[in-house]
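One structure below.
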Amino acid sequence: MSKKKEAKKQATTTNEFQRYVRWFWTLFLGGISAVILLFLLASWGVFGELPDYTILENPKTNLATEIISSDSKTLGKFYFNDNRTPVSFDELPQNLVDALIATEDARYFEHSGIDARGTLRALVYLGSKGGASTISQQLARQLFVGVRSKGLDKYTQKVKEWIIATKLERQYTKEEIIAMYFNIYDFGNNADGIRSAASIYFDKEPNELELKESAMLVGMFKNSSLYNPRDHKNPIGTRNRRNVVLDQMEKYDYITEEVRDSLQKTELDLNYTPQSHRDGIATYFRAYLDGFMKDWIKNNPKPDGEKYNLYGDGLKVYTTIDSRMQSYAEEAVQKHMPRLQAEFDNQNKPERNPTAPFLELDKTEIESLMNRAMRQSERWRVMKKDGKSDKEIIASFNKPTAMTIFSWKGEIDTIMKPMDSMRYYKKFLHPGMMSMDPLTGHVKAWVGGMNYRHFQYDHVNQGKRQVGSTFKPFVYATAIDQLHLSPCYKMPQSQITIEALKFGNPEPWTPKNSDGNYAGELTLQDALANSVNTITARLMDKVGPQPVIDLVQKLGVESNIPAVPSIALGTADLSVYEMVAAYATFANQGVYTKPVMVTHIEDKNGTVLYQFTPESRDVISAETAYVTVKLLEGVTRGGSGTRLRTKGADAYRADYREIVTGYPYEFKNPIAGKTGTTQNQSDGWFMGMVPNLVTGVWVGAEDRATHFRTITYGQGAAMALPIWGMYMRSCIDDEELEISTSDFEAPKDLTIQVDCEDYNPDGEETTPKEEIPDELDF
């Protein structure tokens, strides 16, 4: 080849190389320019709006309203879809943070939102050796981008994630981003955010999580639906995923190989504690609080005029309920009620009572009662709202339907006619219980029933029933206040008739004593201790019903009470809530303090939105209050409450069929209390007090026609007192609660003699107490 041709060929080769270089740099620079343009277009909002500075400052998430007890425990939450309560980075355990970084973003503290090495690796290996998303990018997607799209959109979404991630890194510290990521994630089963997840899966606060628990929760970040520990379709998948997290932690030297191996052999050890509005602790109180909060929100708008969202604004409601005392109260109910129900069911077997669970009703009366119940039912309301005719609705009540019904041995899945299920539920006895500090008015425990999932009616605040002998102290207090009577003052227990029209009663009223004994005299102390009706009637005859009603209304009772003499024996219908507040006035030296359930409310930033103002007023003198308390102490020393001081192996026989007289409480401290039993044993009450705690308990069926046949089981001392006794035993034994075991404080200027050994106005010896069986208490 000639030199000319060689030169020409060399020139051609050089030109081609230069052309290739130009093309390379054109493509390279063009690619960079395209990427830059892509980022610019994304930042300009061409591919969709990006969050601005203010949105980054306050990411939009739905936050549940948290209900907090007086001892700083979460009682429950109000939420629609998001059961989310945020925590700060300081509240996260180190093992949880380590597990996250080791698994999701090993170089988290080395990059500024985008991991260049990870991105390059993902491009080279097309994602086969791991993705490139950093924790910041994943948070960006959770907060602002959403579910990954398909096709071209997924690439523009990725660009938006990169841009938002870098903005997040400039806006927040690394620790804040980690906390936000844990708070935003949905762990399934209503576990929105790490605090709900720790509570629902392990019944713990986040800072209490153990290493293997943290590893399981971090493992769920890959796919909380696939690695759902409650999903029976994938029984070992969650455990395997947890073990992958432990492998990653060992790989990056967060744990040793020995620790990893030992933990990988363990089970998940879930302590599944579902959170819903019908489960958990203090369900009836939370239902009451729902109404309280809605009223508060209605009357307290935000500064801009908008209303707070109970289910999304992250409010914190600080309550007076003590989670420990609430648990003790619920445990007492759960222990006593199934045993009491077992005895009731035993007495109402079909061969013993063909009209069970009703007594004293004929077939026509029962049909009428059930028809009323049908028309008042939720099923009737819903079907009527859907436009169904009465005929269609009635037919549905007699058509077998699959349902889950309540029993004390657990829920039962069955097929039953709705009408039959209604009659089945009529047999159940229900409790109502409230406990409060008489000085502050703080309500410490609230049990409105035995199972909120199946029985939503609240027997603390909604239910009102005849109070029986628990009303008598109000009559005695009125007489003491007006007549300056001593507990040692004697009155005859002979029969008395209050003539017609004397106090508005249309007919003469002649009450009877339950034991039929009308001989001799009794001190007021013994008369109240043994619920002697005739002596209470004599006191009513001295003071009249209206002054008693006036006193009761000052004690916070708002229910209507007719001004007739028979109210002395407890014919009025009152609630547990009213009765506890009224009795608390006696323990608080005559000062009524309105019950308090909420101390304050905060927004999600901790700003106080509401602070309660105590409401109290002087009702009776400290002397009258103290003398009434001393009378009530006599009930637990010589009346129907004496079983609180006795010793017994158990309150029940081993077969739980028969309630016996021995109770294992053995209280030694002063207790003021009163049992109450209404006509036909339809309602059983016990009101009990120590100086810094007043508790009321009611037990009865939905219908008054459902009750025990005899007073042996149907009296307040058998139906309600055991719940009080078990609850108080637990409270007193818990020394952290500081429940008083001291004497009630006497006023300094006491002028009424309360010690009957020194009471001798006529120079005669005091008549010894007459023993009257407490089984006959009315």
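Every heavy atom of this structure was used, including side-chain atoms; hydrogens, water molecules and symmetry mates were not. On a predicted model such as this, the values are computed, not experimentally measured, just so you know.
Between the Asn513 side chain and the Asp515 main chain, no donor and acceptor come within less than 3.5 Å of each other. No donor-acceptor pair under 3.5 Å is formed between the side chain of Thr497 and the backbone N or O of Trp509. A donor-acceptor distance shorter than 3.5 angstrom exists from the side chain of Asn505 to the backbone of Phe503, with no hydrogens or angles considered. A donor-acceptor contact shorter than 3.5 Å links the side chain of Arg286 to the backbone of Ile281. A distance-only check finds a donor-acceptor pair linking the side chain of Asn530 to the backbone of Asp526 [under 3.5 Å]. In terms of modelled atom types and a separation under 3.5 Å, the side chain of Gln466 and the main chain of Gly570 share no donor-acceptor contact. For the pair Gln482 (side chain) and Thr478 (backbone), a donor-acceptor distance under 3.5 Å is absent. In this structure a side-chain-to-backbone donor-acceptor pair under 3.5 Å is present from Gln341 to Leu429. Between the side chain of Thr536 and the backbone N or O of Val532, at least one donor-acceptor pair lies under 3.5 Å. Looking at Asn680, its side chain never comes within 3.5 Å of a backbone N or O of His707 through a donor-acceptor pair.
The pair Asp541-Lys502 meets the salt-bridge criterion, with a side-chain N (NZ, NE, NH1 or NH2) lying under 4.0 Å from an Asp/Glu carboxylate O. Using a 4.0 Å cut-off between charged side-chain N and carboxylate O, Glu633 and Arg637 make a salt bridge. Ionic pairing of Arg324 and Asp322 is present here: one or more N-O contacts between side-chain nitrogen and carboxylate oxygen are shorter than 4.0 angstrom. Under 4.0 Å is where a charged nitrogen must lie from a carboxylate oxygen, and between Lys554 and Asp550 no such pair does. A salt bridge links Asp683 with Arg704: the distance from a Lys NZ or Arg NE/NH1/NH2 to an Asp or Glu carboxylate oxygen falls below 4.0 Å. With salt bridges taken as basic N to acidic carboxylate O contacts below 4.0 Å, one links Arg729 and Asp733.
Remark: Glu558 pairs with Glu578 by the side chain to side chain contact (heavy atoms under 4.5 Å, CB included) rule, at least two apart or across chains. Residues passing the side-chain hydrogen bond (donor to acceptor under 3.5 Å, both in side chains) test with Glu702, sequence neighbours excluded: Lys426.
In plain terms, the two heavy atoms of Glu623 and Asp749 that are nearest each other are OE2-O, 4.0 Å. In terms of heavy-atom proximity, Gly556 sits nearest to Arg617 at N-NH2, 3.8 Å. Scanning all heavy atoms of the two residues, the minimum distance from Tyr457 to Gln462 falls at OH-O, 3.3 Å. Here the closest non-hydrogen pair linking Met540 and Val548 is CE-CG2, 4.1 Å. The two atoms that bring Gln495 and Thr534 nearest to each other are CA-CG2, 4.0 Å, heavy atoms only.
Rounding to the nearest 0.5 Å places CG of Leu555 at 6.5 Å from CD1 of Ile620. The line from CD1 of Ile567 to NZ of Lys472 is 13.5 Å long, rounded to the nearest 0.5 Å. The OG1 atom of Thr636 sits 7.0 Å away from atom CZ of Phe686, with the distance rounded to the nearest 0.5 Å. Considering CD1 of Ile67 and CE of Met293, their distance stands at 9.0 Å, rounded to 0.5 Å. The distance from the OG1 atom of Thr628 to the OH atom of Tyr583 is 10.0 Å, given to the nearest 0.5 Å. A distance of 5.0 Å separates CD of Gln589 from CD of Glu745, quoted to the nearest 0.5 Å.
Looking at heavy atoms from C-beta onward, Met337 lies in side-chain contact with Ile723 at the 4.5 angstrom threshold.
Taking the six-membered ring for Trp, His600 and Tyr318 have ring centres closer than 6.0 Å. Phe708 has its ring centre less than 6.0 Å from the ring centre of Phe344. Between His484 and Tyr489, a ring centre-to-centre spacing not shorter than 6.0 Å is recorded. A ring-centre distance under 6.0 Å is not found for Phe455 and Tyr284. Separation of the Trp446 and Tyr288 ring centroids falls under the 6.0 Å cut-off.
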- Between Ser435 and Thr695, is a side-chain hydrogen bond (donor to acceptor under 3.5 Å, both in side chains) present by the stated rule, with each step listed? CA-CA 4 Å; Ser435 188; Thr695 305; 2.7 Å; yes
- Query: Run the side-chain contact (heavy atoms from CB on, under 4.5 Å) check on Ile68 and Val317 step by step: do they pass?
  - Reply: CA-CA 6 Å; Ile68 303 171; Val317 184; over 6 Å; no
- Could you give me the CA-CA distance, side-chain angles and deciding distance for Ser69 and Gln326, then say whether side-chain hydrogen bond (donor to acceptor under 3.5 Å, both in side chains) is met? CA-CA 10 Å; Ser69 69; Gln326 181 69 30; over 6 Å; no
- Can you list the steps and then say if Tyr592 with Asp618 is a side-chain hydrogen bond (donor to acceptor under 3.5 Å, both in side chains)? CA-CA 6 Å; Tyr592 167 80; Asp618 291 337; over 6 Å; no
- Passes side-chain contact (heavy atoms from CB on, under 4.5 Å), Thr607 versus Glu602? Steps please. CA-CA 5 Å; Thr607 302; Glu602 294 179 358; over 6 Å; no
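Donor-acceptor pairing under 3.5 Å is lacking for the side chains of Ser486 and Gln753. If you check the side chains of Lys464 and Ser559, you find a donor sitting under 3.5 Å from an acceptor. Looking only at atom types and distance, the side chain of Gln715 has no donor-acceptor partner in the side chain of Thr675 under 3.5 Å away. Checked by atom type, the side-chain pair Glu330/Gln334 shows no donor-acceptor distance below 3.5 Å.
More than 12 heavy atoms of other residues, nucleotides or ligands lie within 6.0 Å of CD in Gln611, so this atom counts as buried by the packing criterion.
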